[in-house]
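Reviewing the structure listed below.
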Amino acid sequence: MTIEVWDRPVPVPPGAREESELTEIRRTSGKLQARGLTSGAWPAPVRLPGRPETWTVRAVCGGRTEVAARSRDRAVEGVEQYLLQL
């Protein structure tokens with residue numbers, strides 16, 4: 001997973017992506033803690049500049065189709081990719 005923090009409108013990432021969604025989060029502190037379902041907490045909080053406010057978040061993923069096809073025979077790691085743009 002890659003997390004990007006922008007101080008202007010977030011550009012659409014280049015390349016192919018299987019899914020992309022936009023949402024908003026309300027931030028009340030200067031930190032955001034990310035978690036993976038199986039990997040646990042992100043190593044360090046993501047620092048968000050400025051005062052408490054609402055942030056737009058784009059979540060983009062790729063590699064899920066490939067994982068589904070390859071995981072029929074064995075465990076697959078390092079193929080599925082996630083990008084969070086704040």
Side-chain angles (χ1 to χ4, degrees):
M1 180 167 48
T2 302
I3 299 174
E4 300 175 345
V5 178
W6 293 78
D7 61 356
R8 59 187 181 278
V10 178
V12 174
R17 52 194 180 274
E18 293 172 311
E19 292 187 43
S20 179
E21 293 291 332
L22 285 174
T23 191
E24 292 184 341
I25 60 169
R26 174 83 178 140
R27 173 184 76 91
T28 58
S29 74
K31 297 184 279 185
L32 175 69
Q33 184 66 56
R35 292 189 64 82
L37 289 175
T38 59
S39 61
W42 192 254
V46 177
R47 302 249 179 239
L48 300 176
R51 65 190 188 292
E53 61 188 320
T54 300
W55 283 68
T56 300
V57 180
R58 175 182 286 121
V60 180
C61 69
R64 294 174 78 188
T65 302
E66 184 178 350
V67 167
R70 292 171 64 185
S71 66
R72 290 183 202 137
D73 301 324
R74 58 181 159 50
V76 179
E77 292 185 30
V79 175
E80 213 168 357
Q81 300 293 315
Y82 291 88
L83 170 64
L84 295 179
Q85 296 176 309
L86 296 108

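Numbering of residues begins at 1 and proceeds along the displayed sequence.
Residues meeting the side chain to side chain donor-acceptor pair (under 3.5 Å) test with E24, sequence neighbours left out: none. Judged as a salt bridge (charged side-chain N to carboxylate O under 4.0 Å, His left out), and not counting sequence neighbours, E4 has no contacts. Partners of E53 by salt bridge (charged side-chain N to carboxylate O under 4.0 Å, His left out), not counting sequence neighbours: none found. Applying the side chain to side chain donor-acceptor pair (under 3.5 Å) criterion to T65, with sequence neighbours excluded, gives E18. Q81 pairs by the side chain to side chain donor-acceptor pair (under 3.5 Å) definition with nothing, not counting sequence neighbours.
The heavy-atom pair separating T28 from P52 by the smallest distance is O-CG, 3.7 Å.
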> V10 and L86: side chain to side chain contact (heavy atoms under 4.5 Å, CB included), yes or no, with the steps?
Replying inline: CA-CA 7 Å; V10 178; L86 296 108; over 6 Å; no
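Considering only heavy atoms from C-beta on, T54 stays 4.5 Å or farther from I25 through its side chain. Taking 4.5 Å as the limit, every side-chain heavy atom of R27 sits out of range of all side-chain heavy atoms of L32. With a 4.5 Å cut-off on side-chain heavy atoms, R58 and V12 count as touching. Within the 4.5 Å cutoff, the side chain of V5 has heavy atoms near those of the W55 side chain. In this structure the side chain of E21 never reaches within 4.5 angstrom of the side chain of T23, judged on heavy atoms.
Tracing side-chain contacts under 4.5 Å through hydrophobic residues (I, L, V, M, F, W, Y), one reaches I3 starting from Y82; they form part of the same cluster.
Cluster partners of L22: none. The rule joins Ile, Leu, Val, Met, Phe, Trp and Tyr whenever side-chain heavy atoms lie under 4.5 Å apart, and it links nothing here.
With values rounded to the nearest 0.5 angstrom, S29 atom OG is found 7.5 Å from L48 atom CG.
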